[in-house]
Visitor: 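Below is a structure I'd like to ask you about.
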Amino acid sequence: MINLIVTLQVKPGMEAKVEDLMRQLEQETAENDPGCLRYQWYKAEQPCLYYLLERWTNEEALEAHFQAPHMARIFPQIAECAVAKVTTTKLTRLE
């Protein structure tokens with residue numbers, strides 16, 4: 001199982017646009033990407049800071065998601081709203 005946290009700081013004034021895009025991406029991922037167990041966006045109380053929590057069954061499912069048409073269409077638009085590069089952290093469960 002693969003767990004990720006994606007962190008995104010959004011340019012001021014772009015919140016509504018990016019939230020709409022996030023909802024689209026969340027819905028299309030849930031509907032179209034086999035192996036997706038969790039894909040949920042959250043907004044922090046800090047201004048313009050968002051987190052995406054992802055859980056995938058395996059590396060192949062995650063790689064297929066990165067190549068999916070909805071990612072190619074929507075994610076670049078989200079990235080344009082970011083203050084800096086979107087960061088992704090892969091989590092490893094403690095045994």
Visitor: Side chain to side chain contact (heavy atoms under 4.5 Å, CB included) for Leu25 and Tyr39? Distances and angles first, verdict last.
Guide: CA-CA 9 Å; Leu25 188 57; Tyr39 199 86; 3.4 Å; yes
Visitor: Among residues at least two apart in sequence or on other chains, which ones pass ring-ring contact (aromatic ring centres under 6.0 Å, His included) with Trp56?
Guide: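 For Trp56 the ring-ring contact (aromatic ring centres under 6.0 Å, His included) partners, ignoring immediate neighbours, are His65.
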Visitor: Quick one: pull up CG in Leu91 and CE in Met1 and give me the separation to the nearest 0.5 Å.
Guide: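 Going from CG on Leu91 over to CE on Met1, the span is 12.5 Å.
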Visitor: With the side chain counted from C-beta on, respond yes when Val6 and Leu53 share a heavy-atom pair under 4.5 Å apart, and no when they do not.
Guide: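 Val6 does not reach Leu53 side chain to side chain.
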Visitor: Output the distance between atom CE (Met22) and atom CZ (Phe75), rounded to the nearest 0.5 Å.
Guide: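 If we round to the nearest 0.5 Å, Met22:CE and Phe75:CZ are 9.0 Å apart.
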Visitor: Going by heavy atoms in the side chains, are His70 and Asp33 under 4.5 Å from each other?
Guide: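 They are in contact (side-chain heavy atoms under 4.5 Å apart), so the answer is yes.
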Visitor: Determine, for Lys43 against Glu15, whether the closest basic-nitrogen to carboxylate-oxygen distance falls under 4.0 angstrom.
Guide: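 No, Lys43 and Glu15 are not salt-bridged.
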Visitor: Working note: Ile5 + Leu52, criterion side chain to side chain contact (heavy atoms under 4.5 Å, CB included); need CA distance, chi angles, decisive distance, verdict.
Guide: CA-CA 6 Å; Ile5 297 176; Leu52 169 62; over 6 Å; no
Visitor: Please check if any side-chain donor atom of Glu19 sits under 3.5 Å from a side-chain acceptor atom of Tyr50, or the reverse.
Guide: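 Glu19 vs Tyr50: donor-acceptor pair found between side chains.
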Visitor: Indicate yes or no: at least one non-hydrogen side-chain atom of Leu49 is less than 4.5 angstrom from one of Thr7.
Guide: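 Side-chain contact under 4.5 Å: yes.
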Visitor: I need the minimum non-hydrogen distance between Asn58 and Ile2, along with the two atoms involved.
Guide: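 In this case the closest contact between Asn58 and Ile2 is C-CD1, 3.3 Å.
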Visitor: What about Phe66 and Leu37, same hydrophobic cluster or not, with Ile/Leu/Val/Met/Phe/Trp/Tyr joined at side-chain heavy-atom distances under 4.5 Å?
Guide: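 No, Phe66 does not connect to Leu37 through the hydrophobic network.
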Visitor: I would like to know whether Leu8 and Ile78 meet side chain to side chain contact (heavy atoms under 4.5 Å, CB included); could you show each step before the answer?
Guide: CA-CA 9 Å; Leu8 173 68; Ile78 292 173; 3.5 Å; yes
Visitor: In plain terms, say whether Lys90 and Glu54 are close enough for a salt bridge, that is, a side-chain N and a carboxylate O under 4.0 Å apart.
Guide: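 No, Lys90 and Glu54 are not salt-bridged.
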Visitor: Output the distance between atom CZ (Arg38) and atom OG1 (Thr29), rounded to the nearest 0.5 Å.
Guide: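 Reported value, rounded in 0.5 Å steps: 14.5 Å.
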Visitor: Please test Asp20 against Lys17 for side chain to side chain contact (heavy atoms under 4.5 Å, CB included), starting from the C-alpha separation and ending with a verdict.
Guide: CA-CA 5 Å; Asp20 180 56; Lys17 177 180 179 179; 6.0 Å; no
Visitor: Find the distance between CD (Gln9) and CE (Met14) and round it off to the nearest 0.5 Å.
Guide: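 Between Gln9 CD and Met14 CE, I get 13.5 Å after rounding to 0.5 Å.
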Visitor: Would you say the side chains of Gln27 and Glu31 form a donor-acceptor pair under 3.5 Å?
Guide: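 Present: a donor and an acceptor within the cut-off.
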Visitor: Looking at every non-hydrogen atom in both residues, tell me the closest pair between Pro34 and Asn32 and how far apart they are.
Guide: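 Looking at all heavy atoms of both residues, the closest pair is CD-O, 3.1 Å.
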Visitor: Show the atom names and distances, to 0.1 Å, of all donor-acceptor pairs under 3.5 Å that link a side chain in residues 80-88 to residues at least two apart or in another chain.
Guide:
none

Visitor: Roughly how far apart are Asn3 CG and Arg55 CZ, rounded to 0.5 Å?
Guide: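 It comes to 4.0 Å.
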Visitor: Measure across Cys48 and Pro12 and return the closest heavy-atom pair with its distance rounded to 0.1 Å.
Guide: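 That closest heavy-atom pairing would be SG-CA, 4.0 Å.
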